[in-house]
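Heads up, the thing below is written out as structure tokens.
Predicted model, so just to flag it, every value in this text is computed and none were measured.
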Amino acid sequence: RVRRRVRRRSPVQTRRGGEAFERQLLNEFTEDEAHGVNPFAGPPPVFAEFAERWMREYVMPRNRPSTQREKSSALRAHLLPTFGGCRLDEITTAEIDRYIASNARAGLGPKYTKNTLSILRCALVTASEWGLLRCVPKIRWPRIPEPRTIFLTPDESQRLCTTMPAPFWRTLATLLLATGMRFGEAAALRWEDIDFAGEWPRVFVRRAVERGIVGETKTGKQRVVPLTLAAVGALQQLDRSRDYLFLRRDGNFMRPDHCSGVLHRACRNAGIKRIGWHALRHTFATTLVARGVPLRIVQELLGHTTLQMTCRYAHAAPSTLHDYIARLDVVAPSAADSFGHLMVTKPEVPPQTD
């Protein structure tokens, strides 16, 4: 085994202090070797230098184009101006807390800050795996209020489809409400993805469009979603002269932000609240949950990687909660007597006397 001499100055200039510092260095070198870190490689690089390598060797080969843009934007706008000149081991929990406080003073929302911190942590974890950082600092995530899920009732969904221009836009709205697909997944549908002749009609969700580029789905997984009779009837009205089901008139792919005007006008004509295209996916999930479909099935249909994601998006409708609570009123008298806390007794009123 090759031995090397390391000279470091002890912060405490006493014999006992020097011995304690020596033990600390030996422990650190042992931990470094156990994690594949070269203890003689010198100090870690500054974050700006590492971030360039991280984008080139980790992000670009592994992440979707949309994720690459998200991480590049976060680095350029926030992380490099804040941590770019720091060595990797100088990005401590205290420095991260200072960054969170600075964002709060600047009026940036906690969700935006958390998303940026997730990118920072991913980079630091990679640095640790590459042997450039001994340990990843602890991040105290900002508290984020639970997002409000916007969805339509069955009556509102019916009115929306009725007011959408037919057949193109009405078919798109019907399909999103009946399958829970993301807008980009519907925009990437080809006729070969629709199976009318099988045992039951279904759609194969194999790809998605992001900023005009066709790639894999958000989770990288394919899924099969059965089609309702309404969805089948709507799809059969579309023109089959082109490979893709939903293209702009100029032959380019659609984007949800470019098509929001059609949806907003339909909402106004239907007399319902103004929504975005993703609310149709929320409506699909919420409707299934309200009708008693198990969350595992909803998760598979939506293509979520975790059940937690399904629970967050598929909130039960308030009317469903009322239906369950109303069951407390349907209690036999004998059962109600045995559970006094369920009984509501009307107080006796003394008779009125003249």
Side-chain angles (χ1 to χ4, degrees), residues 64 66 147-161 164 168-190 193-196 198 200-210 215-235 238 244-246 253-257 259-260 262-263 266-267 272-273 275-317 319-320:
R64 302 167 64 239
S66 59
R148 178 171 172 261
T149 303
I150 299 176
F151 58 90
L152 302 178
T153 65
D155 177 66
E156 290 174 333
S157 300
Q158 181 64 36
R159 283 153 53 195
L160 176 68
C161 291
M164 291 290 286
F168 183 89
W169 295 107
R170 185 175 300 175
T171 300
L172 176 60
T174 301
L175 187 66
L176 294 180
L177 285 167
T179 63
M181 284 192 293
R182 301 175 179 90
F183 187 94
E185 294 170 344
L189 279 180
R190 302 168 64 99
D193 301 324
I194 308 297
D195 181 13
F196 291 131
W200 34 268
R202 53 191 170 178
V203 55
F204 295 87
V205 184
R206 298 185 172 111
R207 63 191 78 83
V209 173
E210 177 69 28
E216 60 184 11
T217 62
K218 185 176 182 179
T219 59
K221 298 181 179 179
Q222 301 180 14
R223 64 186 189 277
V224 181
V225 182
L227 292 173
T228 63
L229 295 178
V232 171
L235 286 170
L238 287 183
Y244 289 92
L245 276 68
F246 304 105
F253 290 108
M254 297 194 306
R255 290 175 51 176
D257 51 342
C259 305
S260 58
V262 176
L263 181 60
C267 291
I272 62 177
K273 55 184 173 289
I275 61 171
W277 288 104
H278 205 69
L280 304 186
R281 177 172 166 86
H282 296 326
T283 301
F284 171 79
T286 304
T287 303
L288 291 180
V289 172
R291 296 183 180 180
V293 178
L295 286 179
R296 287 290 183 185
I297 302 299
V298 180
Q299 175 189 357
E300 182 175 349
L301 293 172
L302 291 173
H304 286 160
T305 55
T306 65
L307 188 61
Q308 181 182 5
M309 179 67 69
T310 307
C311 294
R312 186 177 68 175
Y313 280 94
H315 293 287
S319 59
T320 304

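A donor-acceptor pair under 3.5 Å is formed between the side chain of Ser260 and the backbone N or O of Asp257.
The distance from the CG atom of Leu302 to the CD1 atom of Ile297 is 11.5 Å, given to the nearest 0.5 Å. Summarising the geometry, atom CD1 belonging to Ile275 is positioned 11.5 Å from atom CZ belonging to Phe151; distances are rounded to the nearest 0.5 Å. We find the SG-CD distance between Cys161 and Glu156 to be 12.0 Å, quoted to the nearest 0.5 Å. Considering CD1 of Ile272 and CG of Leu160, their distance stands at 4.5 Å, rounded to 0.5 Å. Taken from CG in Asp193 to CG in Leu245, the straight-line distance is 8.0 Å, to the nearest 0.5 Å. Between atom CD of residue Gln158 and atom CG of residue Leu152 there is a gap of 11.5 Å, rounded to the nearest 0.5 Å.
Judged as a ring-ring contact (aromatic ring centres under 6.0 Å, His included), and not counting sequence neighbours, the contacts of Trp277 are Phe183. Residues meeting the ring-ring contact (aromatic ring centres under 6.0 Å, His included) test with Tyr244, sequence neighbours left out: Phe253. By the side chain to side chain donor-acceptor pair (under 3.5 Å) test, Gln299 is found to be paired with Arg296, residues two or more places apart in sequence or in another chain being considered. In terms of the side chain to side chain donor-acceptor pair (under 3.5 Å) criterion, residue partners of Arg159 (sequence neighbours excluded) are, by chain and number, Asp155.
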Under 3.5 Å donor-acceptor pairs involving side-chain atoms of residues 173-180, not counting sequence neighbours:
residue, atom, partner, partner atom, Å
Thr174, OG1, Arg170, O, 2.8
Thr179, OG1, Leu175, O, 2.6
Thr179, OG1, Met181, N, 3.4

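Summarising the geometry of Asp195 relative to Gly198, their closest heavy-atom pair is OD1-N, 3.1 Å, with the distance given to 0.1 Å.
In this structure, the side chains of Leu301 and Pro226 come closer than 4.5 Å at one or more pairs of heavy atoms.
Listed by first and then second residue, the side chain to side chain donor-acceptor pair (under 3.5 Å) pairs involving residues 217-235 are Glu185-Arg223 (not counting sequence neighbours).
No donor-acceptor contact under 3.5 angstrom links the side chains of Thr149 and His282, judged on distance only.
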